[in-house]
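Everything on this sheet refers to the single structure shown next.
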Amino acid sequence: QVQLVESGGGLVQAGGSLRLTCVASGRTFGSDAMAWFRQAPGKEREFVAGISGAAFRILYTPSVKDRFTISRDNAKNAVYLQMNSLKPEDTAVYYCAADPLGRVQVGPSSYDYWGQGTQVTVSS
């Protein structure tokens, strides 16, 4: 059974940092593109960052570039999102996703596997 499990969310003050972790199981994800999405109440799920299997291609949405860093450890089947200089507008449920075709794309429909999400709340 394929599973993606996120952790590391929580409540933090503006300007603070959090590190999200997603661990995959049930198959090898080394060739998959992995991505982080987020969804705030009343809003659509949006792409945050993505990374190809060998990390040759990394993509960020403009609003998090220079503040967030995505990375992966294929030996651990894990992907990370280091979030610095957090802002209240970063508040959302953050989801991990995997695309077995290895494409780093911004559309949620490109991803076959999803985690259950972890809440990130940034207070002002």
Side-chain angles (χ1 to χ4, degrees):
Q1 181 182 359
V2 173
Q3 274 193 313
L4 300 179
V5 179
E6 303 98 334
S7 61
L11 173 64
V12 64
Q13 287 189 330
S17 298
L18 284 174
R19 188 189 193 217
L20 305 184
T21 298
C22 171
V23 178
S25 62
R27 55 184 285 274
T28 301
F29 285 78
S31 298
D32 289 32
M34 303 294 292
W36 289 95
F37 285 76
R38 65 186 179 187
Q39 189 166 19
K43 295 189 176 181
E44 293 186 352
R45 191 167 297 192
E46 68 166 342
F47 176 86
V48 177
I51 185 169
S52 63
F56 290 134
R57 175 170 163 79
I58 293 176
L59 189 63
Y60 296 97
T61 194
S63 64
V64 309
K65 203 172 187 301
D66 299 327
R67 299 189 298 123
F68 292 8
T69 302
I70 189 170
S71 61
R72 66 190 295 162
D73 184 340
N74 290 338
K76 296 182 179 179
N77 253 8
V79 62
Y80 309 98
L81 187 68
Q82 177 66 43
M83 306 186 295
N84 299 327
S85 302
L86 282 160
K87 304 175 180 180
E89 51 264 43
D90 294 319
T91 296
V93 177
Y94 283 70
Y95 298 91
C96 173
D99 174 13
L101 296 182
R103 308 162 297 179
V104 180
Q105 303 209 6
V106 301
S109 62
S110 298
Y111 296 83
D112 290 349
Y113 303 108
W114 290 85
Q116 82 291 347
T118 185
Q119 176 71 47
V120 171
T121 303
V122 184
S123 64
S124 56

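The first residue of the sequence shown is numbered 1, and numbering continues consecutively from there.
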Any sub-3.5 Å donor-acceptor pair from R57's side-chain atoms to S52's backbone N or O?
no

How long is the gap from CD on Q13 to OG on S124, to the nearest 0.5 Å?
9.5 Å

Between R45 and W114, does the side-chain contact (heavy atoms from CB on, under 4.5 Å) criterion hold? Intermediate values first, please.
CA-CA 12 Å; R45 191 167 297 192; W114 290 85; 3.3 Å; yes

What pairs of residues pass the ring-ring contact (aromatic ring centres under 6.0 Å, His included) test when at least one of them lies in residues 39-97, not counting sequence neighbours?
F37-F47

Any chance you could measure L59, atom CG, to I51, atom CD1, to the nearest 0.5 Å?
11.0 Å

Result of checking T91, T118, D90, T61 against R38 for side-chain hydrogen bond (donor to acceptor under 3.5 Å, both in side chains)
D90

Main-chain N/O of G53 paired to N74 side chain as donor or acceptor, under 3.5 Å
yes

State, with a plain yes or no, whether a side-chain heavy atom of V120 is found less than 4.5 Å away from one of L20.
yes

With a 3.5 Å distance limit and no angle check, can you tell me whether E6 reaches the backbone of G117 through a side-chain donor-acceptor pair?
yes

Give the intermediate values and the outcome of side-chain contact (heavy atoms from CB on, under 4.5 Å) for residues V79 and I70.
CA-CA 7 Å; V79 62; I70 189 170; 3.9 Å; yes

Is it the case that the side chain of N77 and the backbone of F29 share a donor-acceptor pair, with hydrogens and angles ignored and the cut-off at 3.5 Å?
yes

To the nearest 0.5 Å, what is the distance between CD1 on I58 and OG1 on T69?
8.5 Å

Out of curiosity, Q3 CD to Y113 OH, how far, rounded to the nearest 0.5 Å?
12.5 Å

Which pair of non-hydrogen atoms, one from R27 and one from D32, has the smallest distance, and what is that distance?
NH1-OD2, 2.8 Å

Supply the atom-to-atom distance S17 OG to R19 CZ, rounded to the nearest 0.5 angstrom.
12.0 Å

Between CG on residue L4 and CD on residue Q116, distance to nearest 0.5 Å
9.0 Å

